[in-house]
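This report refers to the structure that appears directly beneath it.
Whatever order the structure lists ligands and atoms in, that order sets their numbers, starting from 1.
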Amino acid sequence: MNTVLSRANSLFAFSLSVMAALTFGCFITTAFKDRTVPVDVRVSKVMLRNVDDFTGPRERSDLGFITFDLSADPIKTLEPIFDWNVKQLFLYLSAEYTTKSNSLNQVVLWDKIVLRGENNKLNLRNTKSKYFFFDDGNGLRANKNITLTLSWNVVPNAGILPLVAGSGYTSLPFPDKYETPKSY
Ligand SMILES: *[C@@H]1O[C@H](CO)[C@@H](O)[C@H](O)[C@H]1NC(C)=O
């Protein structure tokens, strides 16, 4: 009975339970933590273009260019979100707006991965959007309410993957004219 093999087996089973318990502990101690921080989103400049669209039925679509400021407010860092169960954050800035054809449009304009142990500063000035802000029609021109929000996915070491919206957003009207930069 008391062979090397059965000892190894029970040792293995025991370590496995210990590891499972630790993983669960890592998850449960952080599962209900609030991972919101206040965010300050500001738009300094918007420019609209009307460009050829080869994907849709329409011939020309609206394309927006946004310059923005973004910071964790007022601390300028995402440090409070990090703890021992956060491997990385996936930040993304999205624009939401309503058009005649869709009651909700969502476009991701910019994103960033922040690794644990890396520089967690969030204090951007005059940053240009990283992805094209395309509308599938002419819904951007003279739109009265375009809302920009910063959200983040928390990628944990163990457990669920929560999606958090930063508290703080900005809403702004878009220009009435193409090719004329508008400052805010
Ligand atoms: C703009 O849209 C956002 C949501 O997309 C809404 O919360 C806000 O009240 C709207 N603002 C105005 C002035 O309509």
Side-chain angles (χ1 to χ4, degrees), residues 32-53 55-82 86 88-114 120-156 160-184:
F32 306 105
K33 195 182 155 183
D34 180 16
R35 294 218 169 85
T36 321
V37 293
V39 174
D40 187 28
V41 188
R42 258 174 234 190
V43 171
S44 48
K45 206 167 82 188
V46 171
M47 223 267 285
L48 267 189
R49 288 221 169 110
N50 194 233
V51 297
D52 281 325
D53 180 359
T55 59
R58 278 169 227 268
E59 289 177 348
R60 291 178 85 75
S61 293
D62 287 1
L63 176 60
F65 297 87
I66 290 191
T67 308
F68 61 92
D69 295 348
L70 189 62
S71 63
D73 190 42
I75 44 183
K76 314 284 185 222
T77 163
L78 299 168
E79 190 60 47
I81 305 174
F82 282 88
V86 176
Q88 65 178 47
L89 298 180
F90 177 70
L91 309 178
Y92 59 96
L93 182 74
S94 54
E96 289 189 5
Y97 61 101
T98 304
T99 52
K100 280 203 203 80
S101 39
N102 300 302
S103 59
L104 178 64
N105 299 275
Q106 282 179 308
V107 182
V108 172
L109 302 180
W110 173 91
D111 61 17
K112 185 178 170 44
I113 290 173
V114 183
N120 311 324
K121 232 172 78 180
L122 181 65
N123 191 18
L124 303 174
R125 293 271 163 262
N126 284 321
T127 304
K128 292 198 166 56
S129 49
K130 202 160 137 186
Y131 305 113
F132 287 120
F133 188 2
F134 248 122
D135 184 58
D136 59 356
N138 303 113
L140 296 183
R141 188 174 72 91
N143 194 312
K144 294 275 174 299
N145 188 10
I146 308 246
T147 302
L148 303 191
T149 318
L150 184 75
S151 311
W152 45 91
N153 280 118
V154 180
V155 181
I160 49 172
L161 195 132
L163 174 61
V164 183
S167 60
Y169 61 90
T170 185
S171 292
L172 63 147
F174 258 38
D176 308 338
K177 291 201 184 85
Y178 293 120
E179 308 284 345
T180 317
K182 182 172 176 185
S183 296
Y184 292 87

Polar side-chain atom of N143 near backbone of N145 as donor-acceptor pair, under 3.5 Å: yes
Is there a polar contact between ligand 1 and Y169, counting only N or O atoms under 3.5 Å apart? no
Check S61 against D135 and note the closest heavy-atom contact, atom names and distance. CB-O, 3.4 Å
Should we count NZ of K130 as having more than 12 external heavy atoms under 6.0 Å? yes
Pair D52 + R60: basic N to acidic O under 4.0 Å: yes
Do any non-hydrogen protein atoms sit less than 4.0 Å from atom 9 (O) of ligand 1? no
Look at the side chain of T98 and the backbone N and O of S103, then say whether any donor-acceptor pair between them is shorter than 3.5 Å. yes
What is the nearest protein non-hydrogen atom to atom 5 (O) of ligand 1, stated with its residue, atom name and distance? T147 OG1, 3.6 Å
Report yes if some N/O of S171 lies less than 3.5 Å from some N/O of ligand 1; otherwise report no. no
Kindly identify the option in N145, L172, T98 whose heavy atom sits closest to atom 13 (C) of ligand 1. N145
